[in-house]
There are 2 protein chains.
Amino acid sequence: MPHPTFFNLPEEKRSRIEEALKDEFAARTYTQASVDRITAAAGVSKGSFYQYFVDKLDAYTHLVRGLMSARIDLAGTPPPEATFEEVLTAIVLGSHDFHRRDPRGWAVLARSLSDDAPAILDSDEALSEDIRQWTTTAIAAGQATGELRDDVDPGTAAWMIERVLLGVPHYVMARFGIAPDHAATTGSAFDQPEIAAVARDLVAMLVAALAGNGTPGRRDAGTAQGTPLGAQNSD
Amino acid sequence: MPHPTFFNLPEEKRSRIEEALKDEFAARTYTQASVDRITAAAGVSKGSFYQYFVDKLDAYTHLVRGLMSARIDLAGTPPPEATFEEVLTAIVLGSHDFHRRDPRGWAVLARSLSDDAPAILDSDEALSEDIRQWTTTAIAAGQATGELRDDVDPGTAAWMIERVLLGVPHYVMARFGIAPDHAATTGSAFDQPEIAAVARDLVAMLVAALAGNGTPGRRDAGTAQGTPLGAQNSD
DNA sequence: CAGTCATATGACTGGGGAGTCATAGGAGTC
DNA sequence: GACTCCTATGACTCCCCAGTCATATGACTG
């Protein structure tokens with residue numbers, strides 16, 4: 001956690017620092033990111049930086065946590081009675097929305113899942129679970145009602161969905177030739193019909209990937225059940 | 001490309017160096033990998049290293065290229081008449097096989113797709129292209145025969161599949177806690193039933209994602225319909 | 001004014017790491 | 001033995017980086 005000093009800072013200065021953090025961690029890997037560059041960009045001395053944050057990791061964690069909760073707030077929590085397709089649609093739209101509003105923040109979150117990044121969300125954090133567990137929960141629920149096939153592991157399914165969704169912005173940008181910095185300014189890119197079509201196709205495929213076959217509870221529910229992310233072995 | 005000196009080396013020494021490269025790049029990110037450690041492990045002076053390779057990237061590229069072609073050779077090219085499911089299965093099983101034979105090499109390739117790694121295969125190189133080629137071909141063929149749905153864009157579908165398949169190694173490592181260095185010693189990790197289950201689940205889901213619904217050529221076929229995503233985007 | 005507390009600062013330290021270079025074998029050739 | 005390639009070597013240079021510290025500013029207190 002950042003030191004109290006950081007939170008006592010005048011709003012303007014604090015957000016300048018947060019912007020600098022976002023810039024740096026959006027543009028570079030955690031390892032490659034440099035505190036010197038951050039402080040230079042923020043117009044703050046290095047000594048100050050270490051009066052705000054315990055260390056580089058602390059600053060990074062603060063940034064990522066903020067972005068993750070922003071991301072989650074944006075999406076909102078789907079009502080429990082929502083169908084899987086609705087949940088998925090909400091996630092896709094939320095992802096697009098978030099990317100549109102805060103491309104750099106989005107890049108930071110995307111990077112935060114890479115090998116190089118410290119595991120902020122992997123184990124110790126509650127936020128970790130949030131996004132993935134969200135999907136996992138929705139899938140498990142769908143399996144229970146028979147809406148979704150129950151012959152696949154919810155964790156694996158959740159991973160697959162997350163994996164696809166996280167790649168979408170990059171794919172869209174590459175395919176439709178949208179420059180990264182351009183994306184930052186023009187918020188409207190994702191409103192183009194071709195791009196909406198991509199989103200539609202993806203949701204359609206993901207839904208089909210998990211659709212139940214009309215006979216709830218068929219097949220052996222044993223293997224897949226009760227095996228959320230962490231729990232392995234003893235099959 | 002490595003200098004000729006490298007290829008003139010006695011077999012034993014050259015492979016010692018290659019092993020050291022593999023060790024280092026399997027255990028660490030490209031940025032984190034250190035030439036000093038590599039030379040120390042290989043029992044070679046740093047000066048020699050730079051007589052073999054232009055620079056760190058050159059050595060890395062040499063390693064990854066070798067591994068990629070080994071990987072591709074192992075998989076072979078699927079026959080054109082293979083079904084989509086067969087192609088997918090072959091790809092996934094190929095990954096299995098490769099891991100069993102060369103866990104460290106497998107880890108290097110898995111890492112080579114991360115943010116941090118220089119883009120050796122992003123555009124000009126084989127592995128990514130290879131998989132996309134297979135999938136695109138298989139999808140086009142499948143859509144033609146009615147095996148696969150044709151209401152989604154083939155390019156988008158191919159991208160999605162590629163995206164999922166390329167992420168599998170990382171996911172498996174993360175989920176089952178296979179450290180790259182640990183993977184080096186326990187060659188049997190991939191034989192665990194849970195991992196086989198992941199592979200099975202993914203293939204099943206991807207096949208389902210693209211399956212035709214018995215009425216080839218129909219648009220608007222079933223599961224995913226009713227909520228065109230793009231339409232909602234009109235905020 | 002004197003004192004105290006929170007905040008700012010940037011030179012500095014210690015630790016790597018990539019890439020270089022002067023020097024030293026060693027193996028053939030005449 | 002002398003000359004020439006090719007190969008080895010590790011100390012060395014330059015650069016960057018995370019984190020520290022002695023020092024300074026300034027506001028508020030009495």
Side-chain angles (χ1 to χ4, degrees), chain A residues 1-64 111 115-120, chain B residues 1-21 23-64 111 115-118 120:
Chain A
M1 248 184 44
H3 293 126
T5 314
F6 181 63
F7 299 107
N8 295 338
L9 248 33
E11 166 62 21
E12 190 274 329
K13 190 171 192 176
R14 195 171 69 236
S15 82
R16 227 171 51 219
I17 293 166
E18 278 166 345
E19 286 304 302
L21 283 173
K22 203 189 281 182
D23 278 341
E24 182 70 2
F25 287 115
R28 309 180 186 257
T29 305
Y30 178 78
T31 306
Q32 287 167 340
S34 143
V35 172
D36 286 285
R37 257 191 305 265
I38 292 166
T39 56
V44 163
S45 78
K46 196 170 189 177
S48 291
F49 180 91
Y50 283 94
Q51 225 140 15
Y52 306 146
F53 304 106
V54 177
D55 52 16
K56 183 183 172 182
L57 178 59
D58 185 46
Y60 177 72
T61 304
H62 172 71
L63 173 69
V64 171
R111 260 191 216 291
D115 281 347
D116 182 66
I120 292 172
Chain B
M1 246 182 50
H3 293 128
T5 315
F6 181 63
F7 299 107
N8 295 339
L9 248 35
E11 167 61 22
E12 190 274 329
K13 190 170 192 175
R14 195 171 69 235
S15 83
R16 226 171 53 220
I17 293 166
E18 278 167 345
E19 286 304 301
L21 283 172
D23 279 341
E24 182 70 2
F25 287 114
R28 305 178 188 258
T29 306
Y30 177 78
T31 306
Q32 287 167 341
S34 143
V35 172
D36 286 286
R37 258 192 303 266
I38 292 166
T39 55
V44 163
S45 78
K46 196 170 187 178
S48 290
F49 181 92
Y50 283 94
Q51 225 139 16
Y52 306 147
F53 304 107
V54 177
D55 53 16
K56 183 182 172 182
L57 178 59
D58 185 45
Y60 178 71
T61 304
H62 172 69
L63 173 68
V64 172
R111 265 194 210 291
D115 282 347
D116 181 68
I120 291 171

* **Straight-line distance of A/F25 CZ to A/K56 NZ, nearest 0.5 Å** =>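 A/F25 CZ to A/K56 NZ: 6.0 Å, rounded to 0.5 Å.
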* **Gap between atom CG of B/N8 and atom CD of B/Q51 - 0.5 Å precision** =>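 Going from CD on B/Q51 over to CG on B/N8, the span is 11.5 Å.
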Is a side-chain donor or acceptor of [X] paired with a backbone partner of [Y] at a separation under 3.5 angstrom?
X: B/K13; Y: B/V44; answer: no
X: A/E24; Y: A/S34; answer: yes
X: B/T29; Y: B/Q32; answer: no
X: A/R111; Y: A/Y30; answer: no

Rounded distance (Å) that lies between atom [atom2] of [N] and atom [atom1] of [X]:
X: A/Q32; N: C/dA18; atom1: CD; atom2: C1'; answer: 14 Å
X: B/D36; N: D/dC16; atom1: CG; atom2: P; answer: 18 Å
X: A/H3; N: C/dA8; atom1: NE2; atom2: C1'; answer: 15 Å
X: A/I38; N: D/dG19; atom1: CD1; atom2: C1'; answer: 14 Å
X: A/F53; N: D/dA18; atom1: CZ; atom2: P; answer: 14 Å
X: B/K56; N: C/dG16; atom1: NZ; atom2: C1'; answer: 11 Å

* The single option from B/I17, B/V54, B/D58 passing side-chain contact (heavy atoms from CB on, under 4.5 Å) against B/P2 ->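 Between B/P2 and the candidates, side-chain contact (heavy atoms from CB on, under 4.5 Å) is satisfied uniquely by B/D58.
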Could you list, one pair per line, each protein nitrogen or oxygen that sits under 3.5 Å from a nitrogen or oxygen of nucleotides 24-26 of chain C, together with the distance?
none

* To do: Find the partner of D/dG30: check Watson-Crick (N1-N3 plus N6-O4 or O6-N4) and G-U wobble (N1-O2, O6-N3) distances, both under 3.5 Å, and reply none if neither fits.
  =>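 The base-pairing partner of D/dG30, which may sit in any strand shown, is C/dC1.
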* Has A/N8 got a side-chain N or O lying under 4.0 Å from the OP1 or OP2 atom of C/dT7? ->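 Yes, within the criterion.
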* To do: Kindly say if B/R37 contacts the phosphate of C/dG17, meaning a side-chain N or O under 4.0 Å from OP1 or OP2.
  =>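 So the side chain of B/R37 is within the cut-off, an N or O lying under 4.0 Å from OP1 or OP2 of C/dG17.
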* Have a look at A/A33 and say if it touches a base, only the backbone sugar-phosphate, or nothing, with a 4.0 Å heavy-atom cut-off. =>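 The residue A/A33 makes sugar-phosphate contact but no base contact.
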* State, yes or no, whether a side-chain contact exists between B/V35 and B/Y50 at a heavy-atom distance under 4.5 Å. =>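 B/V35 vs B/Y50: side chains touch.
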* Select one nucleotide: of D/dG19, D/dT7, C/dA18, the one nearest the side-chain heavy atoms of B/Y50. =>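 Nucleotide nearest to B/Y50's side chain: C/dA18.
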Is there any protein nitrogen or oxygen under 3.5 Å from a nitrogen or oxygen in nucleotides 8-13 of chain D, and what are the pairs?
{"residue": "D/dA8", "atom": "OP1", "partner": "B/K13", "partner atom": "NZ", "Å": "2.7"}
{"residue": "D/dA8", "atom": "OP2", "partner": "B/Y52", "partner atom": "OH", "Å": "2.8"}
{"residue": "D/dA8", "atom": "N7", "partner": "B/Q51", "partner atom": "OE1", "Å": "3.1"}
{"residue": "D/dT9", "atom": "OP2", "partner": "B/S45", "partner atom": "N", "Å": "3.4"}
{"residue": "D/dG10", "atom": "N7", "partner": "B/G47", "partner atom": "N", "Å": "3.4"}
{"residue": "D/dG10", "atom": "O6", "partner": "B/G47", "partner atom": "N", "Å": "3.4"}

* To do: Decide, yes or no, whether a salt bridge links B/E12 with B/R16 under the criterion of side-chain N to carboxylate O below 4.0 Å.
  =>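 Here B/E12 pairs with B/R16 in a salt bridge, since their nearest N and O are under 4.0 Å apart.
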